[in-house]
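Protein chains get the first letters and strands the later ones, always in sequence-line order, with residue 1 at the start of each.
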Number of protein chains: 2
Amino acid sequence: MSGKRSLIRSGTTVDQMVRAIGDRIVTGFLRPGEKLDETSLAARFDVSRTPVREALGQLSAMGLVERRPNRGAIVAVVTQEHLASMFESMAELEAICARFSAERMTSGERRSLEIEHQASARLVQLRAEEDYEYFNTEFHTRLYRGAHNAHIYEMTVMTRSRLAPFRRAQFMLPGRLAKSWQEHDTIVTAIMRGDGNAAGKAARDHVSIVSEASAVFAVGDQLRAAPQHQ
Amino acid sequence: MSGKRSLIRSGTTVDQMVRAIGDRIVTGFLRPGEKLDETSLAARFDVSRTPVREALGQLSAMGLVERRPNRGAIVAVVTQEHLASMFESMAELEAICARFSAERMTSGERRSLEIEHQASARLVQLRAEEDYEYFNTEFHTRLYRGAHNAHIYEMTVMTRSRLAPFRRAQFMLPGRLAKSWQEHDTIVTAIMRGDGNAAGKAARDHVSIVSEASAVFAVGDQLRAAPQHQ
DNA sequence: AAGGCAAAAAGTGCATGCAATTGCCTGATA
DNA sequence: TATCAGGCAATTGCATGCACTTTTTGCCTT
């Protein structure tokens with residue numbers, strides 16, 4: 001091997017490749033349907049094909065990549081139907097997380113959830129979409145962790161990354177910011193009074209609304225990126 | 001490579017290895033904590049280390065295998081806490097599947113669910129544990145499919161396989177067969193009358209009860225198999 | 001006999017090589 | 001011009017090789 005490994009440190013080379021490629025998929029830098037050529041990726045990251053191959057295999061096991069035997073790998077293309085099923089799952093998973101959070105969060109967790117949520121109100125007024133997006137992610141992650149269930153956490157985070165390529169445009173819609181905050185508020189209130197059912201329902205509705213907004217963009221996007229697939 | 005590939009046909013060598021090793025883990029032939037030596041596995045299946053390595057990577061991405069850098073792979077050892085979280089997740093997932101099934105199953109699906117369920121009553125009377133176990137699996141799979149949601153199906157099946165090594169003893173308990181059938185009956189009845197909430201609740205309770213029975217056995221088992229782990 | 005250290009053995013991680021497969025290009029044929 | 005066969009380049013799939021890390025073994029010290 002010629003030079004030093006560039007960025008994305010820590011772990012084995014394979015892990016670095018999984019993260020590097022996975023990130024590029026999740027952030028939309030690599031779009032659904034795009035071809036993932038082992039040789040080019042290996043050259044791009046200055047490693048041999050072996051770790052790239054292993055990474056592609058793992059990403060395929062995670063559902064982010066699709067592998068066609070002897071025909072290479074592509075960024076996973078999901079049908080509109082499967083996309084819908086993932087959004088629906090996401091709504092159910094968030095509902096579970098919110099319900100458990102209402103029942104199980106420690107007082108510390110409740111307090112910081114509330115504080116951060118209130119703080120984010122400023123971002124709505126300022127229309128700071130970028131920053132709000134960051135807080136939004138934080139907020140949801142708090143719910144996932146608040147459920148105190150490692151496996152549900154895993155599934156939820158995994159589903160969220162698989163959906164990530166399809167929800168980029170989610171806050172571009174006018175008025176979405178304020179609406180999102182209101183919905184968060186309903187969830188927080190329910191959690192604070194320990195009402196699991198209400199929290200679950202509010203979270204489910206919240207995600208459902210977001211998903212409807214995203215789905216339209218998403219599929220158009222993917223088709224434009226890879227019209228010649230299959 | 002010397003001879004022909006033995007059993008487990010179709011797909012690439014890597015896929016075959018994933019299935020072969022995965023099966024052995026799920027069926028309990030390989031126990032939690034057991035060391036998975038690349039060289040021996042390669043020799044055992046008469047392939048080179050490369051496909052075995054890739055398979056272990058994928059199994060690790062699926063959570064069935066645990067990889068420690070430079071220190072080899074072992075069959076995933078789960079803490080009692082994580083095991084509990086998986087059983088709880090399973091209960092929630094089954095609840096979702098049952099709820100959706102009640103709302104979405106086609107009349108054909110409803111009919112065959114009912115028919116098979118009634119047929120299995122005979123197995124209870126005959127105390128045919130082996131056969132009942134087969135029908136039990138079928139029954140639950142019907143619920144997962146009946147939800148008409150591909151992603152929830154994936155998550156549920158995956159979670160079930162990760163739990164499989166820990167529920168082997170589940171029907172050994174006396175009277176468990178009849179109780180299980182009764183619980184199934186409650187679920188079926190709710191589904192037949194389209195009552196999603198009742199079906200969900202019944203399914204959640206059903207799994208919760210099974211999990212309590214399994215958990216005790218399971219952890220003892222795993223510790224006995226690999227007392228020297230870490 | 002117990003503890004510690006060093007050398008050897010074993011095993012993993014990645015690179016490279018080669019056979020096999022695919023897909024493309026070319027050109028012949030209808 | 002459209003179609004299809006054949007061959008070629010590109011790419012994947014697997015085996016092998018080598019360097020490096022971890023683990024074990026055996027010897028020496030105390």
Side-chain angles (χ1 to χ4, degrees), chain A residues 1-21 30 33-61 64-77 226-230, chain B residues 1-21 30 33-61 64-77 226-230:
Chain A
M1 193 181 59
S2 49
K4 277 238 157 56
R5 183 77 6 81
S6 57
L7 27 71
I8 313 126
R9 45 196 65 273
S10 101
T12 67
T13 307
V14 174
D15 286 348
Q16 296 174 14
M17 291 302 103
V18 169
R19 279 199 298 279
I21 300 169
L30 293 169
E34 198 160 330
K35 192 145 201 305
L36 297 170
D37 174 65
E38 295 177 3
T39 313
S40 334
L41 285 171
R44 165 75 185 73
F45 293 113
D46 189 27
V47 297
S48 81
R49 277 178 51 225
T50 307
V52 171
R53 268 188 73 73
E54 288 193 33
L56 291 176
Q58 297 192 29
L59 290 165
S60 150
L64 282 174
V65 156
E66 205 170 309
R67 261 200 162 169
R68 296 125 354 133
N70 285 312
R71 299 162 80 281
I74 58 174
V75 178
V77 172
Q228 78 297 5
H229 172 243
Q230 177 57 264
Chain B
M1 194 178 57
S2 48
K4 277 238 157 56
R5 183 74 8 81
S6 56
L7 26 72
I8 312 126
R9 46 197 61 273
S10 100
T12 66
T13 307
V14 175
D15 287 346
Q16 296 175 12
M17 290 302 105
V18 169
R19 281 199 296 278
I21 301 171
L30 292 169
E34 197 160 331
K35 196 146 196 304
L36 297 170
D37 173 66
E38 295 177 4
T39 314
S40 334
L41 285 170
R44 165 73 186 75
F45 293 112
D46 190 27
V47 297
S48 80
R49 278 178 50 223
T50 308
V52 171
R53 267 188 73 73
E54 288 194 32
L56 291 176
Q58 296 191 29
L59 290 165
S60 150
L64 281 174
V65 155
E66 206 171 308
R67 259 199 162 170
R68 298 131 345 141
N70 285 311
R71 303 166 73 304
I74 58 174
V75 177
V77 172
Q228 78 296 8
H229 171 246
Q230 172 62 262

>> Nearest to the side chain of A:Arg53, heavy atoms from C-beta on, is which of D:dA15, C:dT22, D:dC14?
In response: D:dC14

>> For the NZ atom of B:Lys35 and the CG atom of B:Leu30, what is their distance to the nearest 0.5 Å?
In response: 13.0 Å

> Taking side chain as C-beta onward, heavy atoms only, is A:Glu54 less than 4.5 Å from A:Met17?
Replying inline: no

>> Closest approach to the side chain of A:Asp37, judged atom by atom: which nucleotide of D:dC14, C:dG13, D:dT11 is it?
In response: D:dT11

>> Could you tell me how far apart A:Glu54 (CD) and C:dA15 (P) are, to the nearest whole angstrom?
In response: 10 Å

> How many Å lie between CD on B:Gln58 and P on D:dG13, as a whole number?
Replying inline: 11 Å

> Quick one: is D:dT21 close enough that its OP1 or OP2 comes under 4.0 Å of any side-chain N or O from B:Arg71?
Replying inline: no

> side chain to side chain contact (heavy atoms under 4.5 Å, CB included) with A:Leu36: which of A:Leu59, A:Ile74, A:Val65?
Replying inline: A:Val65

>> From CE of A:Met17 over to P of C:dC14, roughly how many Å is that when rounded to an integer?
In response: 10 Å

>> Could you tell me how far apart A:Asn70 (CG) and C:dT21 (C1') are, to the nearest whole angstrom?
In response: 5 Å

> What is the distance, rounded to the nearest whole Å, between atom CG of B:Leu41 and atom C1' of C:dT12?
Replying inline: 13 Å

> Among the nucleotides D:dG13, C:dA15, D:dA15, which one has an atom lying closest to any side-chain atom of A:Glu38?
Replying inline: D:dG13

>> So for B:Thr50 and D:dT16, does any side-chain atom that can act as donor or acceptor lie under 3.5 Å from a complementary atom in the base?
In response: yes

> OP1 or OP2 of D:dC14 less than 4.0 angstrom from a side-chain nitrogen or oxygen of B:Thr13, does that happen here?
Replying inline: yes

> From A:Arg67 CZ over to B:Thr12 OG1, what is the distance, rounded to the nearest 0.5 angstrom?
Replying inline: 8.0 Å

> Rounding to a whole Å, what distance do you find between A:Ile74:CD1 and D:dT11:P?
Replying inline: 16 Å

> Can you tell me how far C1' of C:dC14 sits from CD of A:Gln16, to the nearest Å?
Replying inline: 12 Å

> Of all the nucleotides listed (D:dC14, C:dA15, C:dG11), which has the minimum atom distance to the side chain of B:Lys35?
Replying inline: C:dG11

> Less than 3.5 Å between a donor and an acceptor, one on the side chain of B:Arg49 and one on the base of C:dG13, is that the case here?
Replying inline: yes

>> Can you measure A:Arg68 atom CZ to D:dG13 atom P for me and round it to whole angstrom units?
In response: 10 Å

>> By nearest heavy atom, map A:Pro51 and B:Ala73 onto DNA chain C; which one lands nearer the 5' end?
In response: B:Ala73

>> side-chain contact (heavy atoms from CB on, under 4.5 Å), that's the test. Do B:Phe45 and B:Thr13 meet it? Break it down for me.
In response: CA-CA 10 Å; B:Phe45 293 112; B:Thr13 307; over 6 Å; no

